[in-house]
Engineer: 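Okay, here's the structure, questions in a sec.
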Amino acid sequence: MDIVALDFSILDAIRENVANPLLDAVMSFVSFTGNAGAIWILAAIACLCFRQTRRAGVCMAVALVLGLVIGNLALKNIIDRPRPFELREWITLIVPPPGDPSYPSGHTLAAFNAAIPLFVYHRRLGALALTYAAVMAFSRLYLYVHYPTDVLGGLILAVICSVAAVVIVNAFYDKLTYRLTGKDNL
């Protein structure tokens, strides 16, 4: 079985064995909160507002920007993969059809780009964010707008961007905040 056939078999199994009206509503809502990375951008901004979560907020913002540039602006346009519902025209979507290419999943990428750094610095909040990120990633499969390999690609790229963000922020945060304020740890 090739990878595309495997992708479709997973999507079809979800549609045939998991889909129901309650999950339709829940998954539509969860996916909606991730449109344009909205909930994750708000989470990063909220973290920036409090001294004890500020470093995590900076790291989340850096990871989100890296993911946007690499995943959404570069890879999506270079790879230009059609979405699963575009190849299976008989599929009826319960959400508005996304207009951008499929790979990688931008929702998954943004979700884990925010959740991973939050987990690095604040385990409890991060665990909640990781759980929500996982549900959001699943919602993209449930809604038939991404292939499993799109979600996996988004997750892998998020890990790379998040690790890079943690390294960058840890290397420069203390020096930068001291220069800006004359105080340690803004």
Side-chain angles (χ1 to χ4, degrees), residues 27 29-81 98-141 145-186:
M27 294 299 157
F29 175 78
V30 169
S31 186
F32 172 77
T33 65
N35 288 349
I39 195 168
W40 307 111
I41 294 167
L42 291 173
I45 291 169
C47 286
L48 290 170
C49 293
F50 301 98
R51 186 172 188 269
Q52 59 270 41
T53 58
R54 194 163 291 142
R55 183 185 294 251
V58 170
C59 193
M60 292 163 71
V62 170
L64 285 164
V65 169
L66 288 172
L68 172 70
V69 171
I70 296 167
N72 288 60
L73 299 179
L75 288 177
K76 273 189 183 277
N77 293 307
I78 291 168
I79 296 169
D80 197 29
R81 185 181 195 187
D100 59 340
S102 194
Y103 185 89
S105 168
H107 279 68
T108 303
L109 178 57
F112 285 97
N113 272 338
I116 292 169
L118 187 57
F119 184 77
V120 167
Y121 296 107
H122 302 281
R123 296 276 195 242
R124 286 186 183 157
L125 284 175
L128 290 172
L130 285 170
T131 301
Y132 197 76
V135 172
M136 185 171 289
F138 178 76
S139 78
R140 306 305 284 168
L141 303 176
V145 295
H146 277 294
Y147 302 95
T149 49
D150 297 341
V151 169
L152 181 61
L155 174 60
I156 291 168
L157 184 55
V159 169
I160 293 166
C161 291
S162 295
V163 168
V166 168
V167 169
I168 291 166
V169 169
N170 284 343
F172 297 105
Y173 185 84
D174 291 331
K175 292 174 188 171
L176 179 62
T177 56
Y178 184 77
R179 285 188 180 171
L180 292 174
T181 65
K183 298 176 185 174
D184 288 331
N185 294 324
L186 178 66

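It should be emphasised that the depicted structure is a prediction, and the values quoted were computed from it without experimental measurement.
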Engineer: Are any side-chain N or O atoms of His107 and backbone N or O atoms of Met136, one a donor and one an acceptor, separated by less than 3.5 Å?
Structural biologist: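 Not confirmed, His107 side chain does not pair with Met136 backbone.
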Engineer: If we ignore hydrogens and angles and just use 3.5 Å, is the side chain of Thr53 paired with the main-chain N or O of Cys47 as donor and acceptor?
Structural biologist: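 Such a contact is found between Thr53 side chain and Cys47 backbone.
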Engineer: With side chains defined as the heavy atoms from C-beta onward, is the minimum distance between Asn170 and Tyr121 less than 4.5 Å?
Structural biologist: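 Yes - at least one pair of side-chain heavy atoms lies under 4.5 Å apart.
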Engineer: First locate atom SG of Cys161, then atom CG of Leu109, and finally report the distance between them rounded to the nearest 0.5 Å.
Structural biologist: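 Separation between the atoms: 6.0 Å.
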Engineer: Against the six-membered ring of Phe119, is Arg123 placed for a cation-pi contact (under 6.0 Å from the centre, within 45° of the normal)?
Structural biologist: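 Yes, cation above the ring, under 6.0 Å and within 45°.
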Engineer: Using only atom types and a distance under 3.5 Å, with no angle test, would you say the side chain of Asn113 pairs donor to acceptor with the backbone of Ala63?
Structural biologist: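 Judged by distance alone, yes, a pair lies under 3.5 Å.
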Engineer: So, for Pro98 and Val145, which heavy atoms are closest and what is the spacing to 0.1 Å?
Structural biologist: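 It is CD-CG1, 3.8 Å.
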Engineer: Under a 3.5 Å distance rule, please check whether Thr131 uses its side chain to pair with a backbone N or O of Ala127 as donor and acceptor.
Structural biologist: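 Here the side-chain-to-backbone pair exists.
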Engineer: Indicate the atoms forming the closest heavy-atom contact of Ala56 with Leu118, along with that distance.
Structural biologist: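 So the two residues come closest at CB-CD1, 4.1 Å.
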Engineer: When you look at Val62 and Leu66, which way does the side-chain contact (heavy atoms from CB on, under 4.5 Å) test go after all the steps?
Structural biologist: CA-CA 6 Å; Val62 170; Leu66 288 172; 4.1 Å; yes
Engineer: Can you give me the closest heavy-atom contact between Tyr103 and Gly153, atom names plus distance?
Structural biologist: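 Nearest pair, atom of Tyr103 first, then Gly153: OH-CA, 3.5 Å.
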Engineer: Hey, is the main chain of Ser102 close enough, under 3.5 Å, to the side chain of His146 for a donor-acceptor pair?
Structural biologist: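 Looks like yes, one N/O pair under 3.5 Å.
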Engineer: Kindly determine whether Phe138 and Val135 satisfy side-chain contact (heavy atoms from CB on, under 4.5 Å), including the steps that lead there.
Structural biologist: CA-CA 5 Å; Phe138 178 76; Val135 172; 5.7 Å; no
Engineer: Where is the tightest heavy-atom contact between Ala129 and Trp40, given as atom of each residue plus distance?
Structural biologist: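 Smallest heavy-atom distance, with atoms named: O-CH2, 3.7 Å.
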Engineer: Quick one: closest heavy-atom pair of Val169 and Cys59, and the distance?
Structural biologist: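 In terms of heavy atoms, the two residues are closest at CG2-CA, 3.7 Å.
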Engineer: Using the salt bridge (Lys or Arg N to Asp or Glu O under 4.0 Å) rule, take Arg140 and Asp150 through it: C-alpha gap first, then chi angles, then the decisive distance, then the call.
Structural biologist: CA-CA 9 Å; Arg140 306 305 284 168; Asp150 297 341; over 6 Å; no
Engineer: Atom CG in Asp80, atom CG in Leu75: separation rounded to 0.5 Å?
Structural biologist: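 One finds 12.0 Å between CG of Asp80 and CG of Leu75.
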